[in-house]
Amino acid sequence: MKVCNSPYEVNATSYRTTAVIIVTLQAFAGMWINAFIVSVLCIAWIKKRSFNSLEKILLFLGCSRFCYLCFTWILQFLSTIYSWCFFAHPIPQLFAALQSFFDSSNLWVSACLCSFYCAKIANFRHILFTYLKVKIDRIVLWLLLGSVLLSLVFSILVYNMTDKMLYDNINSTTLANTWKPTPRTDAYFLPLFLTVGFIFSTAFVVVIFSALLLVFSLWRHKSNMQTNSVKNLSVEAHIKAIKNILSFLFIFSFHFTCLVLNMVGSIHKYEVVTFFILVFQYVFPTVHSLVLILSNPKLEKTLLKTLSCLKCKVCMR
């Protein structure tokens with residue numbers, strides 16, 4: 001006797017399969033781009049035995065995004081193909097903690113990059129801003145290590161909260177150990193949601209504040225150059241910088257929105273919404289890393305040289 005699947009189940013399966021295929025393509029493209037950034041910076045460090053502040057941030061950012069894309073691809077693949085493994089202790093807790101760590105580190109290192117650009121490029125006369133401009137090179141490494149440490153502490157909290165939530169949920173349901181929503185689960189979910197929301201929102205505010213200050217400073221400087229009849233090349237460079245910052249702000253805001261929506265459990269019953277959120281969540285760590293390569297002369301030159309070598313090898317075959 002054949003089992004007839006409902007149209008909803010068929011659509012849900014097709015959405016998950018399509019999501020795995022698209023996410024795989026996006027993840028491997030993003031991992032290649034970020035691995036390229038890390039490898040170029042490591043080769044440069046081997047040659048000159050030193051890193052400037054921007055290179056330190058880009059190295060941390062490349063490693064963070066590579067691990068983030070790799071882990072989230074594994075998570076999506078396992079949740080679609082081998083969903084049964086998420087019912088074995090302590091796999092759900094570990095995946096929740098690791099996902100929180102990589103999400104947080106990705107956001108906070110991106111916030112460090114935006115803050116660094118703001119402190120280095122923007123021009124304000126406030127004493128605090130002047131102090132940051134002078135000291136930013138000395139505190140960059142501490143900011144990055146602080147971001148990793150904060151993400152680690154945050155992931156430990158998420159692990160403990162998830163472990164307690166699942167343990168109480170199993171004990172308060174049927175003998176079959178099926179996990180169902182209970183009042184005790186909601187009691188643990190609220191502090192977990194507030195903790196995650198606070199960490200993510202703080203990083204988002206830092207990025208918004210830094211980006212807007214930088215855009216305001218560049219726009220004011222551009223207006224002064226136009227008033228003083230400075231060459232068009234300088235004005236165009238400032239306009240290009242403003243466009244790059246606004247594009248970063250837009251992509252980062254979209255990524256942050258997807259993270260928040262992904263946290264809200266009620267949207268997961270809509271397969272189409274979950275599918276698009278999952279797909280667009282990979283846009284930021286992939287596209288922005290590519291923008292960073294194209295905006296950095298050293299990385300762009302190495303990328304073009306690498307692509308030309310690959311093209312020659314393909315043509316020789």
Side-chain angles (χ1 to χ4, degrees), residues 18-74 76-77 102 105-107 109-110 112-114 116-117 120-121 140 144 207 211 214 233-234 236-255 258 278-317:
T18 307
V20 169
I21 295 173
I22 295 177
V23 165
T24 299
L25 295 175
Q26 286 183 308
F28 277 90
M31 284 190 286
W32 186 89
I33 291 170
N34 287 284
F36 173 80
I37 294 175
V38 173
S39 60
V40 171
L41 292 175
C42 288
I43 292 171
W45 178 81
I46 292 172
K47 291 180 178 179
K48 63 180 184 179
R49 295 290 177 178
S50 65
F51 272 143
N52 59 40
S53 298
L54 179 58
E55 289 173 340
K56 292 176 185 176
I57 298 176
L58 292 179
L59 181 65
F60 267 79
L61 191 63
C63 293
S64 173
R65 288 178 175 175
F66 179 87
C67 295
Y68 168 80
L69 290 167
C70 183
F71 171 77
T72 47
W73 175 76
I74 293 173
Q76 178 61 24
F77 181 80
F102 290 124
S105 60
N106 182 31
L107 289 177
V109 177
S110 300
C112 288
L113 177 65
C114 197
F116 175 79
Y117 278 133
K120 276 291 187 181
I121 300 174
V140 159
L144 294 172
V207 169
L214 187 53
L233 291 177
S234 300
E236 290 177 1
H238 278 69
I239 293 175
K240 183 180 179 181
I242 292 172
K243 289 180 179 179
N244 289 335
I245 296 166
L246 291 177
S247 63
F248 163 75
L249 190 58
F250 174 77
I251 300 172
F252 186 87
S253 302
F254 200 80
H255 177 72
C258 289
L278 189 65
V279 170
F280 286 120
Q281 199 169 325
Y282 285 87
V283 171
F284 172 67
T286 302
V287 174
H288 183 245
S289 295
L290 183 60
V291 172
L292 289 175
I293 291 175
L294 298 178
S295 60
N296 187 295
K298 182 193 299 184
L299 293 174
E300 183 182 15
K301 183 179 179 181
T302 308
L303 177 64
L304 294 175
K305 189 182 295 184
T306 303
L307 292 177
S308 63
C309 291
L310 291 175
K311 185 179 179 180
C312 291
K313 289 182 179 180
V314 171
C315 292
M316 288 176 64
R317 290 181 182 178

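Everything numeric in this text was worked out from a predicted model, so none of it was measured.
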Check for me whether the distance between the ring centres of Phe284 and Phe254 falls short of 6.0 Å. no

Enter the distance from [X]:[atom1] to [Y]:[atom2] here, rounded to the nearest 0.5 Å.
X      : Y      : atom1 : atom2 : result
Leu303 : Ser308 : CG    : OG    : 9.5 Å
Leu307 : Phe36  : CG    : CZ    : 7.5 Å
Leu41  : Cys63  : CG    : SG    : 9.0 Å
Leu61  : Leu54  : CG    : CG    : 10.0 Å
Leu214 : Ile245 : CG    : CD1   : 3.5 Å

Who are the salt bridge (charged side-chain N to carboxylate O under 4.0 Å, His left out) partners of Lys48, not counting sequence neighbours? Glu55

Taking all atoms of both residues into account, what is the closest heavy-atom pair of [X] and [Y], and its distance?
X      : Y      : value
Ile33  : Leu290 : CG2-N, 3.8 Å
Cys42  : Leu59  : SG-CD1, 4.0 Å
Cys112 : Leu144 : CB-CD2, 4.2 Å
Leu58  : Asn296 : CD1-ND2, 4.1 Å

Under the side chain to side chain contact (heavy atoms under 4.5 Å, CB included) rule, collect the residues that match up with [X], sequence neighbours excluded.
X      : value
Cys114 : Val207, Ser210, Ala211, Phe248
Ser39  : none
Ser64  : Ser105, Asn106
Leu246 : Val215, Ile242

Could you go through His288 and Arg65, starting from their C-alpha distance and side-chain angles, then the distance that decides it, and tell me whether this counts as side chain to side chain contact (heavy atoms under 4.5 Å, CB included)? CA-CA 10 Å; His288 183 245; Arg65 288 178 175 175; 3.0 Å; yes

Close side-chain approach of Val109 to Leu113, heavy-atom, < 4.5 Å: no

Check whether any side-chain heavy atom of Leu292 lies under 4.5 Å from a side-chain heavy atom of Leu299, and answer yes or no. no

Just do the side chain to side chain contact (heavy atoms under 4.5 Å, CB included) check on Thr286 and Leu69 with the steps written out, would you? CA-CA 9 Å; Thr286 302; Leu69 290 167; 4.2 Å; yes

Under the ring pair (Phe, Tyr, Trp, His ring centres under 6.0 Å) test, which residues partner Phe250, sequence neighbours left out? none

For Phe102, which residues count as a ring pair (Phe, Tyr, Trp, His ring centres under 6.0 Å) partner, sequence neighbours excluded? Phe71

Distance-only donor-acceptor pairs under 3.5 Å for side chains of residues 21-31, two or more places apart:
unit_1 : atom_1 : unit_2 : atom_2 : d
Thr24  : OG1    : Val20  : O      : 2.5
Thr24  : OG1    : Trp73  : NE1    : 2.7
Gln26  : NE2    : Val279 : O      : 3.3

Please name all residues satisfying side chain to side chain donor-acceptor pair (under 3.5 Å) with Ser53, sequence neighbours left out, ordered by chain then number. Asp137

Pairing residues for Lys301 by the side chain to side chain donor-acceptor pair (under 3.5 Å) criterion, not counting sequence neighbours: none

